[in-house]
Amino acid sequence: MFRIGFGYDVHRLVEGRPLILGGVEIPYPFGLEGHSDADVLTHAIIDAIIGALGAGDIGQHFPDTDPKYKGVSSLSMLRTVMDLIKDDGYRLNNLDTTITAQAPKLAPHLSNMRERLAQTLEASVSQINIKATTSEGLGFCGRREGMEAFAVVSLVKE
Ligand code: MG
C-alpha cells in the first residue's frame, strides 16, 4: 500500500544567519530566518511525510512557540518524523523536491544534501531527488527576499 504526501515551505532571507538547506551549510552572506535552523527544504519534506501519514502538519508536531525547537537542526526533526514513518509500518519509497532560490548556485551542493537526507531517511541516494531553480528574477525569490521549497513523497507499507 502506498501513501503520497505534498509539502511546501517559505522562509525569509536575512543577514547574519547561516544558510542551511537539506542539512548542509552553504556559504552565502544571507541565511534563512526562523525559529529552528529554518532549513526550508527539510521543512517541506517533513510536511510531505506528515501529510502522507495523514498526521496533520509540521506546526502541530514541532510548534514554533516551543523553546525546545529554538535553533534546532531540522534534520533532527526529520529523524523524529522518520520514527513516525516506522511506527506506522511504512518506509520511504521515493522523494522528489524543488528549491526556488535566485542565489547562490545550489548545484554544487545537491549531492551533499541528497546524502544527508538519504542517511536520515534510511534510504539510498537514488530514492531522493533534489532540484533547484531560480524564479527568473520574479517575485520574492527573484528579489532574494526568501526561498521556497516543494516536496512530494511516497511511502510504501513494509
Ligand atoms: Mg518552515
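We count ligands from 1, going down the list as the structure has it; atoms in each ligand are counted the same way.
- To the nearest 0.5 Å, the span separating CG on L155 from CD1 on I4 amounts to 9.5 Å.
- Here CZ of R114 is found 10.0 Å from CG of L95. Values are rounded to the nearest 0.5 Å.
- Of the N and O atoms on the side chains of S154 and N93, at least one donor lies less than 3.5 Å from an acceptor on the other residue.
- Under the 4.0 Å criterion applied to side-chain N and carboxylate O atoms, K131 and D96 are assigned as salt-bridge partners.
- With sequence neighbours excluded, the residues forming a salt bridge (Lys or Arg N to Asp or Glu O under 4.0 Å) with K86 are E122, listed by chain and number.
- For the Mg ion (ligand 1), the count of nearby protein N, O or S atoms, meaning those under 2.8 Å away, is 3.
- Ring geometry for F150 against Y8 counts as tilted: the plane angle lies between 30° and 60°, on a 0 to 90° scale.
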